[in-house]
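Written below as structure tokens is the structure these notes are about.
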Amino acid sequence: MAYKRHIDRLPIVPADAKKHNVTCHYCIVGCGYHAYTWPANKQGGTDAASNAFAVDLSQQQAAETDAWYAPSMYNVVKQNGQDVHIVIKPDKDCEVNSGLGSIRGARMAENRFSATRGTQQQRLTSPMVWRYGQMQPTSWDDALDLVARVTAAVVKEQGEDGLFVSMFDHGGSAGGYENTWGTGKLYFGSMKVKNVRIHNRPAYNSEVHATRDMGVGELNNCYEDAELADTIMAVGTNPLETQTNYFLNHWIPNLRGATLDKKKAQMPDEPHAAARIIIVDPRRTVTVNACEAEAGKNNVLHLALNSGTDLALFNALFTYISDKGWTDNDFIKNSTVQEGKPRPALYPARGEADGKPGHLTNYSGAMEGCKLSIDEAAKITGLKAEDIVKAAEWIAMPKEGGKRRRTMIGYEKGLIWGNDNYRTNGALVNIALAMGNIGREGGGVVRLGGHQEGYVRPSDAHVGRPAAYVDKLLIEGKGGVHHIWACDHYKTTLNAHQFNMVYKKRTDIVKDAMNAVPYGDRDGMVKAITAAIKAGGLFSVDVDIIPSKIGAASHVWLPAAESGEMNLTSMNGERRMRLVERYMDPPGNAKPDCLIAAGLAQHLEKVLRDMGDTKYADQFKGFDWKTEEDAFMDGYHQNAGGGKHVTYERLKAMGNNGFQEPATAFTDGKIVGTKRLYADGVFSGEGGKAQFMDAPWRGFQAPGKDAQKAKFKYLINNGRANLIWQNAFLDQANDFVMDRMPFPYIQVNPDDMAELGVKAGDLVEVFNDDGSTQAMVYPTPTARKGETFMLFGFPTGVMGNVINDGVNELVIPNYKQTWADIRKISDAPEGVKHLTFKSLEYQAS
Ligand SMILES: Nc1nc2c(c(=O)[nH]1)N[C@H]1C(S)=C(S)[C@@H](COP(=O)(O)OP(=O)(O)OC[C@H]3O[C@@H](n4cnc5c(=O)[nH]c(N)nc54)[C@H](O)[C@@H]3O)O[C@H]1N2
Ligand SMILES: Nc1nc2c(c(=O)[nH]1)N[C@H]1C(S)=C(S)[C@@H](COP(=O)(O)OP(=O)(O)OC[C@H]3O[C@@H](n4cnc5c(=O)[nH]c(N)nc54)[C@H](O)[C@@H]3O)O[C@H]1N2
Ligand code: SF4
Ligand SMILES: [Mo]
């Protein structure tokens with residue numbers, strides 16, 4: 001039988017429990033929660049006056065009651081050194097989630113460090129260093145001194161290019177404005193580190209260069225637009241599983257026709273109906289299933305195109321919509337660039353010299369360059385011509401009475417980590433621009449998002465474009481020191497098998513050298529390490545909350561505090577900024593990342609001064625922060641657009657609804673925000689204009705993809721599952737999750753299973769010339785033959801092992817287009833036998 005939490009009663013939250021604002025720190029959606037805490041020796045009563053819900057709990061509560069919490073929302077944690085009960089439950093009054101939790105966020109409490117209840121004992125509680133052949137605890141000063149000395153020695157010898165850095169660039173689960181600023185000020189302010197990468201890709205670049213180059217910021221609408229749209233177009237995303245409460249609380253009501261009153265009130269002069277939805281995804285996802293169940297099949301168009309062919313689809317839609325004249329000519333005239341630069345001679349094969357693999361131009365230039373007929377697109381994408389036409393009509397055909405259709409376009413990793421990222425992104429934005437569907441109710445062409453956002457750093461201009469392909473350089477033996485902040489390349493990079501093998505070899509050289517020197521002999525230790533680095537070794541420092549997979553290769557672990565163990569600010573997918581109030585202590589000596597960065601800067605300053613390099617040492621001044629709030633004031637408050645209006649106190653007063661960035665004023669005790677970007681028709685491009693992109697189809701762009709596809713039988717499409725948060729760094733120590741997903745699933749069509757001779761739950765090897773990994777077979781009748789889907793980034797089977805190293809011109813990885821063969825390893829092992837493999841789909845009720 002599957003795991004159950006055997007809990008039949010829980011304490012009642014007392015009326016005087018402390019109540020903290022919490023934004024779920026997992027996904028982009030950023031649902032509002034409250035953390036209630038109260039002393040361990042107390043609990044509330046059933047009478048309305050003595051519980052936090054102010055209701056009579058001796059009576060049966062109605063369905064959907066707010067006066068309730070689930071066992072997963074409860075724990076016992078430390079607060080100012082004392083044991084307290086904690087309940088972290090969804091906030092009904094938060095506009096984002098209206099009281100909904102998800103299977104991830106609703107486990108926030110049980111995924112906290114608790115000495116009393118034994119949860120998340122994997123958390124790091126002290127800095128750890130490699131000593132006598134293993135990781136051993138030490139003090140902050142000792143660990144930071146070692147890191148600073150080795151880093152300074154390498155930088156003095158190789159220059160700052162010898163320091164490699166991997167760091168989060170987002171908010172929430174790791175990151176947040178405090179922490180992106182702390183790390184950014186160190187590596188981009190004090191230093192100008194060029195060999196730097198972001199947590200989810202092997203270089204320091206934008207996932208969506210194209211839309212930004214076109215003058216259209218990627219988070220330009222608000223969640224309410226999904227309630228107001230006539231049509232939602234969702235590209236390469238599975239929002240039921242990955243932006244769960246955005247989908248459930250804002251898309252589904254519109255698909256059900258439950259937002260008609262809102263539409264009529266805000267847009268009285270046009271006809272309204274329940275929304276229709278177009279989903280572009282080679283795979284039938286549970287999102288498609290949910291939309292069909294809730295909106296009826298007639299209102300759902302699933303365009304199951306061939307993997308990696310989105311660009312051809314978008315160009316055909318753009319061509320058809322333009323030919324029909326369903327464009328917004330006033331918008332094109334007023335808000336987009338009129339004069340198109342001529343296409344460079346080398347184009348389109350190579351892209352432009354200034355790092356733009358698609359040519360920026362005006363509307364007619366894009367029409368000419370992107371021209372593709374419905375029939376040609378049907379051939380490339382494998383879609384039916386009539387379905388492409390239907391999509392064009394749903395997107396852009398005027399409504400009754402000639403009123404313009406309002407279409408919201410959302411995209412995520414199926415596009416972003418897909419073939420020819422830059423052009424595909426541009427071609428999609430072309431469609432929105434042609435229709436003028438940006439900055440108006442029910443519109444937007446937006447990233448749906450991953451983590452929450454929270455970026456404020458000094459300029460990264462020195463990194464250049466294209467940015468350095470950091471993982472490749474590491475594989476080639478470059479770099480002497482590697483600082484890692486909240487990412488686990490072993491699980492989540494491309495070409496991961498090769499990366500792991502080389503990384504282990506290089507860090508082992510340093511470990512062996514360290515084993516030969518007594519740890520207390522600091523000078524001897526630093527000499528031994530730098531000599532090992534010269535011999536091809538790499539010194540690795542991992543800042544994380546747990547011992548990660550890549551951390552197994554590291555020499556120093558620095559324990560970070562998570563959101564809630566520190567005050568943390570971030571924004572969600574509609575730029576909604578909130579403050580999570582610290583509601584518990586970090587485990588042991590763990591610290592906020594921003595203060596770790598500050599400590600490292602201070603130690604570097606000292607070491608450099610000791611070395612006699614006063615000038616360089618001076619560059620590491622300005623880190624005398626005592627708290628994360630100091631980092632916030634130094635960073636966001638002074639550097640972010642509108643930051644001067646924002647303080648912790650003001651944010652706290654704005655509660656779980658916060659405000660939408662950028663802040664424009666502080667009036668009547670409230671921070672005034674911005675509901676939609678570009679509502680005035682003024683864009684981020686030169687002269688306030690947006691640009692179109694001339695972006696013709698050119699097949700698989702990333703090197704190695706055609707050959708892999710030709711040689712290996714199965715598409716290993718990959719991505720996320722509702723239950724799992726990211727690389728399962730917390731979930732791997734959560735009984736509920738590990739019971740259901742001991743191994744990553746690979747969804748396989750039953751006919752393919754028969755050919756492979758495998759049954760449900762069997763373990764298979766997934767292999768190709770780039771590497772191999774393993775997964776657990778999940779029979780999936782809706783999967784197309786030859787097309788599998790594997791959970792990404794999992795500890796017991798790393799999908800990235802079989803992704804080749806091909807990237808686009810700007811070093812954007814192409815995780816999704818991967819082909820491999822499959823063979824059986826074993827029958828379902830013991831830990832899998834109890835699982836159900838029934839369909840993940842549900843029926844309309
Ligand atoms: N439950 C859960 N939610 C999460 C996360 C998590 O780990 N777990 N992570 C968060 C993060 S960091 C991110 S970035 C987001 C990602 O959110 P999503 O992008 O929604 O998630 P993915 O599963 O990576 O990919 C989405 C879809 O892309 C499709 N796809 C694959 N190839 C193609 C293609 O060629 N064309 C098109 N059009 N589609 C294709 C896949 O079939 C898949 O259904 O999720 C966030 N939310
Ligand atoms: N095959 C394949 N690969 C992919 C993708 C894909 O779709 N397919 N998607 C890519 C995407 S979109 C993403 S976002 C990445 C994710 O790749 P990663 O960023 O490597 O994965 P996460 O699970 O987000 O890793 C977070 C790490 O930070 C640690 N951590 C959590 N909170 C904190 C904190 O507050 N401070 C510190 N210092 N550490 C913390 C966790 O323990 C964990 O080790 O994977 C990418 N890789
Ligand atoms: S949908 Fe995202 S933000 Fe909301 S509770 Fe779930 S994981 Fe957290
Ligand atoms: Mo992501």
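Along the sequence shown, residues are numbered consecutively beginning with 1.
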Query raised in the report: Do you know which two heavy atoms are closest between Ala601 and Phe623, and how far apart they sit?
Result: CB-CD1, 3.3 Å

Query - Min side-chain heavy-atom separation Met584-Val84 under 4.5 Å - result: no

Query raised in the report: If you draw the axis of the six-membered ring of Phe736, does the NZ or CZ of Arg107 fall within 45° of it and under 6.0 Å from the ring centre?
Result: no

**Report entry** Separation between CG of Asp16 and CG of Asn51, rounded to the nearest 0.5 Å
**Finding:** 11.0 Å

Report task. Answer whether the closest heavy-atom distance between the side chains of Leu57 and Ile12 falls below 4.5 Å. Result -> yes

Query raised in the report: When you check the gap from the basic side-chain N to the acidic O, do Glu830 and Lys833 get nearer than 4.0 Å?
Result: yes

Query raised in the report: Are Phe168 and His199 close enough that their ring centers fall under 6.0 Å?
Result: no

**Report entry** Glu294 and Arg256 ion-paired at < 4.0 Å
**Finding:** yes

Query raised in the report: Hey, what do you get for CG (Asn722) to CD1 (Ile103), rounding to the nearest 0.5 Å?
Result: 6.0 Å

Query raised in the report: Do Arg576's NZ or CZ and the ring of Phe659 fall within the cation-pi criteria of under 6.0 Å and 45°?
Result: no

Query raised in the report: Can we call the ring centroids of His25 and His451 under 6.0 Å apart?
Result: no

Query raised in the report: With no hydrogens and no angle check, is any side-chain donor or acceptor of Asp668 less than 3.5 Å from a backbone partner on Lys670?
Result: no

Requested in this report: Any chance you could lay out the side-chain hydrogen bond (donor to acceptor under 3.5 Å, both in side chains) test for Tyr455 and His170, step after step, and finish with the verdict?
Outcome: CA-CA 6 Å; Tyr455 189 95; His170 54 74; over 6 Å; no

Requested in this report: Would you please say whether a donor-acceptor pair under 3.5 Å links the side chains of Ser570 and Gln452?
Outcome: yes

Requested in this report: Could you tell me if the ring centre of Trp251 sits under 6.0 Å from that of Tyr246?
Outcome: yes

Query raised in the report: Are the ring centres of Tyr36 and Trp38 closer than 6.0 Å?
Result: no

Query - side-chain hydrogen bond (donor to acceptor under 3.5 Å, both in side chains) assessment of Asp47 paired with Ser50 - result: CA-CA 6 Å; Asp47 58 304; Ser50 55; 2.5 Å; yes

**Report entry** Point-to-point distance, once rounded to the nearest 0.5 Å, from CG of Leu595 to CD of Glu178
**Finding:** 10.0 Å

Report task. Determine, stepwise, if the pair Asp56 / Ser58 fulfils side-chain hydrogen bond (donor to acceptor under 3.5 Å, both in side chains). Result -> CA-CA 6 Å; Asp56 178 2; Ser58 69; 2.6 Å; yes

Requested in this report: Please report the shortest heavy-atom distance between Leu219 and Arg575, naming the atom on each side.
Outcome: O-NE, 2.7 Å

**Report entry** Within 6.0 Å of CD in Gln82, more than 12 heavy atoms from elsewhere
**Finding:** no

Query raised in the report: Got a donor-acceptor contact below 3.5 angstrom from the Tyr583 side chain to the Lys19 backbone?
Result: no

Requested in this report: Could you tell me whether the side chain of Trp140 and the main chain of Asn589 form a donor-acceptor pair under 3.5 Å?
Outcome: yes

Query raised in the report: Which distance, rounded to the nearest 0.5 Å, do you find between the NZ of Lys644 and the CG of Asn639?
Result: 13.0 Å

Query raised in the report: Using 4.0 Å as the upper bound for N to carboxylate O, is an ion pair formed by Lys89 and Asp66?
Result: yes

Report summary line: Note: Thr569 and Leu579 closest approach over all heavy atoms is CG2-CD1, 3.8 Å

**Report entry** Side-chain donor or acceptor of Glu227 paired with backbone N/O of Glu224 under 3.5 Å
**Finding:** no

Query raised in the report: Between Glu562 and Arg123, is there a side-chain N and carboxylate O pair less than 4.0 Å apart?
Result: yes

Query raised in the report: Is it true that atom NZ of Lys591 has more than 12 heavy atoms of other residues, nucleotides or ligands lying nearer than 6.0 Å?
Result: yes

Query raised in the report: Is a salt bridge present between Arg447 and Glu412, judged by a nitrogen-to-oxygen distance below 4.0 Å?
Result: yes

Requested in this report: Scan side-chain atoms only and decide if Thr37 and Gln79 contain a donor-acceptor pair under the 3.5 Å cut-off.
Outcome: yes

Requested in this report: Test salt bridge (Lys or Arg N to Asp or Glu O under 4.0 Å) on Glu581 and Lys652 and set out the steps.
Outcome: CA-CA 8 Å; Glu581 298 175 82; Lys652 188 176 165 176; 3.4 Å; yes

Query - Shortest non-hydrogen contact from Asn657 toward Asp93 - result: ND2-O, 3.2 Å

Report task. Using a 4.5 Å cut-off on heavy atoms from C-beta on, say whether the side chain of Lys92 contacts that of Cys94. Result -> no

Report task. Applying side-chain hydrogen bond (donor to acceptor under 3.5 Å, both in side chains), run through Arg117 and Asn75 and close with a yes or a no. Result -> CA-CA 7 Å; Arg117 296 178 83 238; Asn75 214 334; 3.2 Å; yes

**Report entry** Check: Ser548 main-chain N/O paired with Asp488 side-chain donor or acceptor under 3.5 Å
**Finding:** no

Query raised in the report: When you measure from the side chain of Asn249 to the backbone N and O of Val96, does any donor-acceptor pair fall under 3.5 Å?
Result: yes

Report task. Look at the side chain of His645 and the backbone N and O of Gly673, then say whether any donor-acceptor pair between them is shorter than 3.5 Å. Result -> no

Query raised in the report: Atom CG in Asn80, atom NZ in Lys78: separation rounded to 0.5 Å?
Result: 11.5 Å

Query raised in the report: Are Gln61 and Phe53 close enough that some pair of their side-chain heavy atoms sits under 4.5 Å apart?
Result: no

Query raised in the report: Does the ring center of Tyr648 lie less than 6.0 Å from the ring center of Phe632?
Result: yes

Query raised in the report: Does the pair Lys185 and Asp634 meet the rule for a salt bridge (Lys or Arg N to Asp or Glu O under 4.0 Å), with working shown?
Result: CA-CA 10 Å; Lys185 184 169 178 172; Asp634 188 48; 2.8 Å; yes

**Report entry** Expected output: side-chain Thr796 to main-chain Pro742 donor-acceptor under 3.5 Å
**Finding:** yes

Query raised in the report: So do Ser102 and Tyr26 actually touch side chain to side chain, heavy atoms under 4.5 Å?
Result: no

Report task. I would like to know whether Met128 and Val556 meet side chain to side chain contact (heavy atoms under 4.5 Å, CB included); could you show each step before the answer? Result -> CA-CA 6 Å; Met128 306 279 283; Val556 179; over 6 Å; no

Query raised in the report: Where do Arg578 and Asn656 come nearest, in terms of heavy atoms and distance?
Result: NH1-O, 2.8 Å

Report task. Would you check if the side chain of Asp593 reaches a backbone N or O of Gly175 as a donor-acceptor pair within less than 3.5 Å? Result -> no

Report summary line: Between Asn245 and Leu100 the two heavy atoms that sit nearest each other are ND2-O, 3.4 Å

Query raised in the report: Out of curiosity, Ser72 OG to Ile7 CD1, how far, rounded to the nearest 0.5 Å?
Result: 9.0 Å

